[in-house]
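What follows is a short report on a single structure.
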Amino acid sequence: MLNVTGVLKRLVIGRAMRSEELGETLLSKRLALPIFASDPLSSVAYATQEILLVLTLGGLAYLHFTPWIAAAVVALMAVVVLSYRQVVHAYPSGGGSYEVVSRNLGPSAGLVVAASLLVDYVMTVAVSVASGVDNIISAVPALNPYRVLLALGFVAILTAMNLRGVRESGRAFAAPTYLFIGGVIIMVATGLIRYALGDAPVAESAAYGIHAAPGDQHLAGMALVMLVLRAFSSGCTALTGVEAISNGVPAFRKPKAKNAAGTMAAMGVLAVVMFVGVTALAIVAKVHITEDSCQLTGIDGSCDTFTQKTVIAQLASSVFGGDHSLGFYFLQTVTALVLILAANTAFNGFPLLSSILAQHRYLPRQLHNRGDRLAFSNGILALAVVAGALLWAYKADVTGLIHLYILGVFTSFTLSQLGMVRHWNRALRTEPDPAARRRHQSARVVNALGAVVTGLVLVIVLITKFTQGAWLAVVAALALWVMMRGIRRHYDATSAELAVEDPREQLVPPSRVLAVVLVSTVHKPTLRALAYARAFKPDRLEALTVAVDKPATDELQRRWQDLDVSVPLKVLASPYREITRPVVEYVRSMRRDSPRDVVAVFIPEYVVGHWWENLLHNQSALWLKSRLLFTPGVMVTSVPWQLTSAARADHPAPRAPGSVRRGEPSTGDAPGADTLGRTMR
């Protein structure tokens, strides 16, 4: 069974890599772009759609705001990209927003950023995969009933690929990302050229009318402003994942900061070009799309069963000549792929950030460990589990998930830009060179502008999305912040408690060592445990059994005398057939009588060779150990006895649910002797 598991692991993950091979996993700009920028690049597939979905709540009357909202999103993206290029150069060690804010605004503010980003990374996986599945269903509507199953399957594939390592996943995901970029640019160029030549593409939904949602048909004043702001906040999903490059600077080849900044610039240019092109083409083709299909008029059949195609699908159909054209299927395929692969940005950002937080003792230390392929495997698995749970809970619905999105990323945007302003202020106080001072001042202006703009967007997002589900993201980030502070307090308290102040005091030996060997019957494991205990030369050694079955106990005492075992046998009465409590109380009484003594408890155990053999035996030793380990001054030692099946195995048997890897009490198997093998209370 173990060999099969090992073979499957190697097939999925690949061979284990030595720590010295970490340098081989570093990324060139060509691979870093699809790995760290797939999220903002792929968001052009749904950012325009999110703007239109909000504006069509009022029917067709407000669609003329689309280009102005798109222009605002583009301006915001330019500011954010320029700002994060400053972060990359100023803090090339990685950590991105978290490091900037922690160093300049304090640890508590840094944790706010960390919690927000961790939540947003989870949402990136959920939204990207759900959006990718949406595009697959647009091409093959018959798959709609399997939406959730498809989404969970893609999360599993992404997890497996990322467990193979950053470089491996980059190679696998590079082609779909570049094909998507090429496909969108070709579609936009073809459509706009046709428009310029007087043959504008027309979307299939252009013929549909739209009923305004109740109360939204004649908006004016503040109500109209709120609708436009809500559409703008939805369009800001185009900015998600922009910060991932600043978090992943250590993964780049040298010169790390220069390569990361160049990759970020390329990402910004490509994202702006594609977003502007898709939005312009959607306006030209007169795409009409609504959150509720029943708002549409002129559709065939019932609105309850009508499935709307995504904006990108409608544009591909209108530009390339219908739903059965090669161009349509190509673009739908690469769009679905890149949307799913956009989650890879989070699969790189989340483990890196959680590793840094674990190193700073804000998350469990296991998240800082690298796996067989030098990836942060525990972080990857944690992200997959939480994102999969969200997809299942929300039935992989993009509209339901999108409201929980982008709040965290704009929190980190705003605080990181404020942190960078303070960083430049500090640098200016000590910089005498006039040229360097001018560069610092220019950078400060960029970051200050970024802080103001992203802060305004954060307020807009909070106001427009809070009641629609964003409050859940706020609660999740707050809970994560509290949890991380609690973990840090625990680690700090543990370190303080374990710190050595006077080594001589800690090295004072105990007055005596009192040894106890637990016995159920006289067999080889018992005798080995007695011999092992004797090797320690304790001041006092005795065997201990619990009388839960009088005939079995009498037989044990008789055999003990017949074999002339030189260790005294202590029998504890147990009228209620308990085992754990009498043993624990007896050991504690030994400690009470001599507080400066140490009690060493030896438990004979045997090791089985197959996981299923563990299911045939009870877990008495586990319960007993768990109680004894909480008793001060008590040392618990397992004395293993390998059965034949274990001796034949190349490795220890894998742990079965509810079992102990090496550690079944060697009791309860001899006929008529199962004292320690009974259920413990």
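The basis for the numbers below is simple: all heavy atoms, side chains too, and nothing from hydrogens, waters or symmetry mates. All residue numbers in this chain count up from 1 along the given sequence.
Screening residues 143-156 for salt bridge (Lys or Arg N to Asp or Glu O under 4.0 Å) gives Asp134-Arg147 as the qualifying pairs, with residues at least two apart or on separate chains.
Smallest separation of non-hydrogen atoms from Thr263 and Lys29: OG1-CG, 3.4 Å. Counting all heavy atoms, side chain and backbone alike, Val88 lies closest to Ala257 at CG1-O, 3.4 Å. Nearest heavy atoms, Leu152 versus Leu391: CD2-CB, 4.4 Å. Residues Leu118 and Met484 come closest through the heavy atom pair CD1-SD, 4.4 Å.
A search for side-chain hydrogen bond (donor to acceptor under 3.5 Å, both in side chains) contacts involving Ser626 returns nothing, not counting sequence neighbours. Partners of Tyr84 under the ring-ring contact (aromatic ring centres under 6.0 Å, His included) rule, at least two apart in sequence or in another chain, are Phe413.
Between Tyr98 and Tyr362 there is a side-chain heavy-atom pair separated by less than 4.5 Å. Between Val73 and Leu239, some side-chain heavy-atom pair lies under the 4.5 Å cut-off. With a 4.5 Å cut-off on side-chain heavy atoms, Thr335 and Thr310 do not count as touching.
At most 12 non-hydrogen atoms from other residues, nucleotides or ligands lie less than 6.0 angstrom from OH of Tyr146.
A side-chain contact (heavy atoms from CB on, under 4.5 Å) with Thr177 is found for exactly one of Leu33, Val338, Leu337, namely Val338.
Judged purely by atom type and a 3.5 angstrom limit, Ser102 has no side-chain atom pairing as donor or acceptor with the backbone of Glu99.
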